[in-house]
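Here's the structure, in structure tokens; my notes come after.
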Amino acid sequence: MTAPELAPGQIVAGRFAIRRALGRGELTATYHALTMPARDVAVKVFDPVVRDRHDVLDFLRRVTIETNALPPSVALRILEAGDDPTIGAPFVVSELCVTPSLAELVKLCPLAGDELAAFASNLCDALDVAHARGLLHLSLAPGNVFVGPPPTCEVKLGDFGLSVLTSPGAPGAYGAPEQLAEPTVASDVYAAALVILYAASGVTLDDRSDDALAAPASAAASQRGEPVDSRLDEPLARALARNPSARFASALDLAEAVATALGAPPPRRRESARLAVDDTAAPPVPRIEPTPASARYAARESVAPPALRSQAPPGEATRRPPPLPKPPSMPRIAEPAFVMPDAIEVPDASPGLAVPLARPAPRRSLGLVLAAAIGVPLLTGVVVLVAVVLLRRPPPEPIAVVTASSARIASAGGTVGATSAAATAPTSAPSARESGPTVTDTATKPEPGANGGAATLDVVCVPECQAIEVDGKKVRAFPVPVEPGQHFVSAARGVHPVQTKSVTVGAGQNEKLQFVFYAPKGAPDPKKNCGKFLKRCD
Amino acid sequence: MMRRGALLSLGFLAVVACNKPPPKPAPAPEVTSEPAHVPPAAPKKCDALDEGCVAAEGTRSPIQASSWTLEPPASWTYAHEGDATVAKTDGAIVAVVVHETGPKKGESANRSAAFDSVVKKLALTMPKKAPWPDKPAKVLTVGAAKVSLFQFDGVTREGKPGALLAFTSRLSDKESLLGAGFVLDSDTKDADKAILKCVQSLRGPDPAAAAPDAGAKPK
């Protein structure tokens, strides 16, 4: 079986109107949906078989609680979850990320230099924050790492713990070999190294044999025709060590090693310890009122998922939370069927109310309770009033179409789609990056057939592009002979939005296109009045 | 048969021609008692542009009768004419004059008069509203002198628009320097840069020469 296929306009849980499919995985399907008041969300629908997996549902519910306890700058928020009898499948609603996933970025062009160092720093920092709260990701993949614009390249993670839905016996394309049996912080370090390698080259290491891992990462990438800075070999080799204790003690240590290797400034360290103990550090999640579909399911006991509890590698016990007993193996779909659950979860979107295990319940004073008793009805009234007002307005067209659940681009193929979590649904919708500032420029050309010769197209980027596609085909050298007629040219550089131009080339003509991403350092400002004498720009 | 005969005769003629004795050497020219005197080219005075003096690197030209000199841009045609020192090239021209500083109250009037004469000499047409700015756009320190720079846009020469750089310097209480350089907007050879370099090449009188007893002990 697979996840149910939902049509545009179909309503999930009574109030999430499906707009279009974002992607589909082995056991999940992700949709872009709209809910009132005019809010875009990502709805992930699971395979109905998951309803039978009590342990899996419990596991996901607890991961949801843990994820929502993370700072919003680190992880995508899960807004609601439940089991909708109308579609006959469990679902999870999360916020829609406006930034593209790493898979989408690297499909256009790999990261390099300072951008790569900033990305690695932020990725490892986000992992470190999760680890400090005792949460392991274990599903890290380019599809669920969302990257912000340069130069900061902020990183937001999604799909925490969804590796539980992968095929049994396989850690996934980015999973550490030991994470099925004994996941630790080192498992995420391993996955982070593979993701960094992917960011630098677009290459996924399929061969995880000792011989293959012994070879430099740059050599492995070069074999695929994707050059990688050889300075990354040393940190990546250590992070990909077979023995978890031989890897970096923390994700930030990996980031530091990568930054040092690339000659970039060292990554910033958040006060992970403070975040770990201060539950109020995360702002309240914008809560969507529970629906009858989800409210039917009572919250189960809040037992922290042992498989997600981080365990520091030997020697790092001082920096990490105290290690818990050895966790059991993560539940697998292929295991014997479990009792049909009557509920999945009602994840409380408010981290203040999410009380995972191993965290003392906060004391609430009588005053707070009274304030809540008075304030909640008042707030609800205001929200209802605003909702009524907004309901009268037509919903605006969404501008962000990146699935909150991660993913690959359906058309990407190859290594881009090799995400670890099968639950990570592929995304076929255009991303924010793809749908970003698109330049459409139709040049007027001479009449075709002027002299009957072959046409050529020359494309110039300022500064240099990393990927140029003519009619969807990558072109490395210009000018390139083209057929007379209209052609679509797209150029990508780093994490800048892709620019696309259409051009009509006449027969025998040599058409030249220029893409300008930003003014290079030291170049004259085009807005400045460049004149003579004292008004020169140089 | 006829062809064979013709070929034989041609071969005979060729042999005869090849054995021709070398021609006699030409008779030596008669040596006159006094060799012809070619007068050496008189050095150009470079006091008129018509002479076509072309400045080379390091060429210095005096500015009128003052003891100040400047270095015209290399490869430009230059002349130190009676009323101004001028250098020109395609699309650019510069002229420098030395005028009386005059009394403080009349200083600006003298400067305006000198500027007008330079503008007239360079055949420039100033925009209708081009008042002399109160403050210079930039002040350069050239040796011991402070050179104030003013820029005017919208100036035309022979109907072509360009930019004008005026520069002034108070050399002493008695005399001031004023120059103007014009470059067409369409110039692509960095002529404006060359004029700025020319301004920075201004040199005053050698202090040692100007003050022969500079090394003498003060009384």
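Convention: sequence-line order gives letters A, B, ...; per-chain numbering from 1.
Surrounding CD of A:Glu483 are at most 12 heavy atoms belonging to other residues, nucleotides or ligands under 6.0 Å away. The number of heavy-atom neighbours closer than 6.0 Å to CD of B:Gln64, taken from other residues, nucleotides and ligands shown, is above 12. More than 12 heavy atoms of other residues, nucleotides or ligands sit less than 6.0 Å from atom CD of B:Glu81.
Counting only residues at least two apart or in different chains, side chain to side chain donor-acceptor pair (under 3.5 Å) contacts with residues 172-181 of chain B comprise B:Thr101-B:Ser176, B:Arg170-B:Asp173.
The side chain to side chain contact (heavy atoms under 4.5 Å, CB included) test with A:Phe533 singles out one residue from B:Val199, B:Asp153, B:Leu196, and that residue is B:Leu196.
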Which atom pairs, one a donor and one an acceptor, fall under 3.5 Å between side chains of residues 161-168 of chain B and the rest of the protein, sequence neighbours left out?
none

Check residues 132-146 of chain B and write down every donor-acceptor pair under 3.5 Å in which the side-chain atom is one partner and the other belongs to a residue at least two apart or another chain.
| residue | atom | partner | partner atom | Å |
| --- | --- | --- | --- | --- |
| B:Thr141 | OG1 | B:Lys146 | NZ | 3.2 |

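A donor-acceptor pair is defined here as one N or O able to donate and one able to accept, closer than 3.5 Å; such a pair exists between the side chain of A:Lys532 and the backbone of B:Asp187.
Along residues 110-126 of chain B, no residue comes nearer than 4.5 angstrom to chain A, judged on non-hydrogen atoms.
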**OP:** Let me see the working for A:Arg536 and B:Asp192 under salt bridge (Lys or Arg N to Asp or Glu O under 4.0 Å), right down to the final yes or no.
**Re:** CA-CA 9 Å; A:Arg536 289 180 67 97; B:Asp192 54 335; 2.8 Å; yes
